[in-house]
Amino acid sequence: MSILVNKDTRLVVQGITGRDGSFHTRQMLNYGTKVVAGVTPGKGGTEVEGVPVFNSVAEAVRKTGANTSVIFVPAKFAPNAIYEAIDAGIELIVCISEGIPTIEMVKVIAYLKDKKCRLIGPNSPGLVSPGETKVGILPGHIFKKGNIGVISRSGTLTYEIVDHITRTGLGQSTCIGIGGDPIIGTKFIDCLELFAQDPETEAVVIVGEIGGRDEQDAAEYIKKNFKKPVFGFIAGKTAPPDKRMGHAGAIISGTAGTAAEKIKAFESAGIKVGETPAQVAELIKSTLK
Amino acid sequence: MKIHEYQAKEFFKKYGIPVPKEKVCFSLDEIISTAKEIGLPCVIKAQVMVGGRGKAGGIKVAKTEEEVKTYGSQILGMDIKGLKVKKVLVSEAVDIASEAYLGIIIDRNEKKIVLMACKEGGVEIEEVARQKPEAIYKVYADPLLGLLEHKAREIGLFLYGNTKNAFDCAAIALQLYRLFIENDASLAEINPLVVNSSGNLIALDAKINFDDNALYRHPEIEAMRDRESEDENELLAREKDLSYVKLNGNIGCVVNGAGLAMATMDLVKHYGGEPANFLDIGGSSSPEKVKNALEILLRDRNVKVIFFNIFGGITRCDDVALGILEAKKVLDIKQPIVARLTGTNEDKAREILKEAGLIFAKTMDEGASKAIELLKQL
């Protein structure tokens with residue numbers, strides 16, 4: 001089994017005619033994802049990689065039964081793309097776009113309230129349930145079907161850690177990139193709740209980084225409620241304060257949000273923390289054996 | 001993006017938030033004439049974008065013309081945490097009856113905009129939040145309706161026992177919220193907000209940070225950027241669409257992706273080295289971007305060894321390899337380069353770089369270790 005996305009995922013790509021949208025549509029199709037529709041207002045009636053393009057998400061849902069959307073539109077237009085997907089009844093929205101103003105995200109989150117819709121991201125690399133489907137830009141070849149759930153605020157660092165896990169012979173149930181922005185739709189805790197209910201997920205890896213206190217909250221939740229083994233990694237031990245480290249959310253404000261406090265929170269919750277990405281995979285292997 | 005106190009005060013004036021009589025000065029002559037205009041005693045405040053100006057001697061009260069000259073010449077040109085003071089704010093000295101804190105940030109956990117107040121002024125709010133969170137009073141703005149008036153009054157009544165100050169404070173809070181929203185701030189702080197001897201509220205200090213993601217729709221704010229207070233390489237990197245932060249070590253890192261870039265710095269440190277920088281060349285990186293990255297890296301004279309750590313996904317290793325070759329042609333690169341290129345088209349990359357004299361590594365652990373070894377041999 002897996003969480004959030006699986007073989008029944010019917011995907012609509014918002015911004016399918018753009019450079020990134022069309023490239024990753026091909027990559028997702030190659031992985032086996034059911035990409036059923038694309039949307040670019042004004043390009044309805046055309047095709048990209050054999051996928052029909054519609055003028056609106058609502059039309060795409062009506063004609064193809066799409067239930068999940070992935071957003072590749074530029075940051076300026078991304079909030080509207082999210083609103084459109086919510087209104088069209090999409091159940092899961094995955095926003096890849098990076099650079100959305102934070103204040104716009106505050107409004108998006110408010111609009112999502114009480115709707116039957118989950119948002120992953122923005123600034124997310126997407127998610128993969130190996131052997132079933134891939135939604136987003138993660139490189140498919142590094143994943144292997146298995147029992148480890150992975151949740152991460154980052155892209156390439158996740159690939160690095162997943163690659164190590166796969167090389168030790170273990171696989172993943174679902175790997176989720178929750179996004180590197182300060183305000184995101186789905187946080188570590190939300191994913192942990194889903195992994196808790198997934199019988200095939202035996203253990204979870206949390207890849208965190210400096211900034212905010214999402215890791216600390218996840219640690220508290222795990223201490224109280226989460227029974228499966230959890231492993232962790234925190235990036236940014238050498239990051240200076242008050243400097244944005246690439247991701248909009250990766251910033252130590254004054255003395256808050258440091259790697260040290262997150263590692264401490266993890267350890268006090270019984271989470272085994274790897275000092276390096278390679279160590280994370282070793283820890284998993286030695287614990288689960 | 002950060003701006004200076006005097007620039008933040010200009011925003012305050014525009015939004016009707018009361019500030020002391022004051023003026024920014026660029027020379028000693030200007031300081032002297034401004035002090036005359038404003039009257040003595042006056043406060044001379046260094047305009048640098050770091051905390052702890054007061055402790056570093058960058059804020060002084062001058063009671064006489066002689067002191068204006070002495071302090072003016074001391075502060076102008078002084079070094080505060082590596083930043084040279086090039087402008088000072090000359091401000092009327094306010095008789096302070098009480099001090100408080102009023103600030104707005106985005107609460108990442110609640111995913112809302114939060115207004116925070118504290119009865120102590122001049123504090124570092126993150127520190128208070130940690131030491132005694134109960135001292136901070138919070139009200140949230142409605143994401144769609146904004147800061148409601150009764151919420152603003154709630155904050156005012158928390159801070160002040162008399163209704164005049166409380167309601168003046170509520171008005172200031174509402175204006176500060178408008179400023180925050182209309183300009184895409186990420187922080188707007190009045191610290192301290194004081195009551196003067198006549199019982200009026202005045203914003204004695206001002207701090208505003210802006211959301212980098214929203215600068216595209218505020219060219220007038222981008223234009224306020226003080227380029228002299230920022231690291232030259234960081235500015236250059238931003239222009240080239242690269243994410244770069246200078247550190248103090250000697251192993252230059254070039255990485256794709258922010259998380260991996262941080263993890264690479266940490267790994268260098270883990271093996272006993274010192275990273276020279278954070279550098280993320282981004283997702284779909286062209287050879288041109290790689291060349292630009294190397295150019296910026298080499299401007300840092302401390303860099304003795306270069307470490308490429310690329311996990312190819314969307315980033316193609318052959319693009320990175322071509323960029324390295326291109327850079328070697330046009331730049332005089334004397335430093336050894338350790339390259340860990342894995343993933344998409346890694347074989348092609350090795351072929352391209354066969355004759356380039358690089359040191360290859362299979363894993364990032366091996367790459368970091370090799371870079372440190374090389375450093376020892378230099």
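Numbered from 1 within each chain, the chains take letters A, B, ... in sequence-line order.
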Name the region of [X], side chain, backbone, both or neither, that has any atom closer than 4.5 Å to a heavy atom of chain B.
X: A:Pro277; value: side chain
X: A:Ala75; value: neither
X: A:Thr238; value: both
X: A:Lys237; value: both
X: A:Glu261; value: side chain
X: A:Leu138; value: neither

Separation of [Y] [atom2] from [X] [atom1] (nearest 0.5 Å):
X: A:Met105; Y: B:Ile106; atom1: CE; atom2: CD1; answer: 11.0 Å
X: A:Arg244; Y: B:Asp212; atom1: CZ; atom2: CG; answer: 5.0 Å
X: A:Ile183; Y: B:Lys112; atom1: CD1; atom2: NZ; answer: 11.0 Å
X: B:Asn209; Y: A:Ser253; atom1: CG; atom2: OG; answer: 9.5 Å
X: A:Thr276; Y: B:Asp266; atom1: OG1; atom2: CG; answer: 10.5 Å

Among the listed options [options], the residue most often paired with chain B at heavy-atom distances under 4.5 Å:
options: A:Gly180, A:Gly140, A:Gly249; result: A:Gly249
options: A:His24, A:Arg213, A:Lys187; result: A:Lys187
options: A:His141, A:Glu104, A:Arg153, A:Gln27; result: A:Glu104

pair [X]-[Y]: side-chain heavy atoms closer than 4.5 Å:
X: A:Pro101; Y: B:Tyr216; result: yes
X: B:Lys111; Y: A:Val106; result: no
X: A:Ile109; Y: B:Pro143; result: no
X: B:Phe180; Y: A:Ile103; result: yes
X: B:Asn213; Y: A:Ile100; result: no

Query - Nearest atoms (heavy-atom pairs only) where A:Gly246 meets B:Ser243 - result: CA-OG, 3.3 Å

Query raised in the report: Between A:Ala250 and B:Met262, which heavy-atom pair has the shortest distance, and what is it?
Result: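 Smallest interatomic distance, heavy atoms only, reads CB-CE, 3.8 Å.
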
[atom1] of [X]: more than 12 outside heavy atoms within 6.0 angstrom?
X: A:Lys223; atom1: NZ; value: no
X: A:Glu193; atom1: CD; value: yes
X: B:Asp241; atom1: CG; value: no
X: A:Asn30; atom1: CG; value: yes

If you tally heavy-atom pairs under 4.5 Å against chain A, which of [options] wins?
options: B:Leu279, B:Asn256, B:Thr264; result: B:Asn256
options: B:Leu144, B:Leu267, B:Asp280; result: B:Leu144
options: B:Glu234, B:Glu124, B:Lys2, B:Glu110; result: B:Glu234

Please state whether the side chain, the backbone, both or neither of [X] comes within less than 4.5 Å of a heavy atom of chain A.
X: B:Asp365; result: side chain
X: B:Ile181; result: both
X: B:Ala261; result: neither

Query raised in the report: Quick one: do B:Arg108 and A:Asp214 make a salt bridge, cutoff under 4.0 Å?
Result: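 Salt bridge flag = no for A:Asp214 with B:Arg108.
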
Query raised in the report: Any Lys/Arg nitrogen of A:Glu275 or B:Lys269 sitting under 4.0 Å from an Asp/Glu carboxylate oxygen of the other?
Result: no

**Report entry** Candidate pair B:Arg217 and A:Lys76, rule side-chain contact (heavy atoms from CB on, under 4.5 Å), full reasoning
**Finding:** CA-CA 9 Å; B:Arg217 55 187 186 189; A:Lys76 225 181 192 172; over 6 Å; no

Query - Heavy-atom contacts under 4.5 Å, residues 160-169 of chain A to chain B - result: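 Interface residues of residues 160-169 of chain A: A:Glu160, A:Asp163.
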
Requested in this report: Verify the distance criterion only: is there a donor paired with an acceptor across the side chains of B:Asp211 and A:Thr102 at less than 3.5 Å?
Outcome: yes

Report task. Identify which one of A:Leu157, A:Thr158, A:Ile142 satisfies the side-chain contact (heavy atoms from CB on, under 4.5 Å) criterion when paired with B:Phe311. Result -> A:Ile142

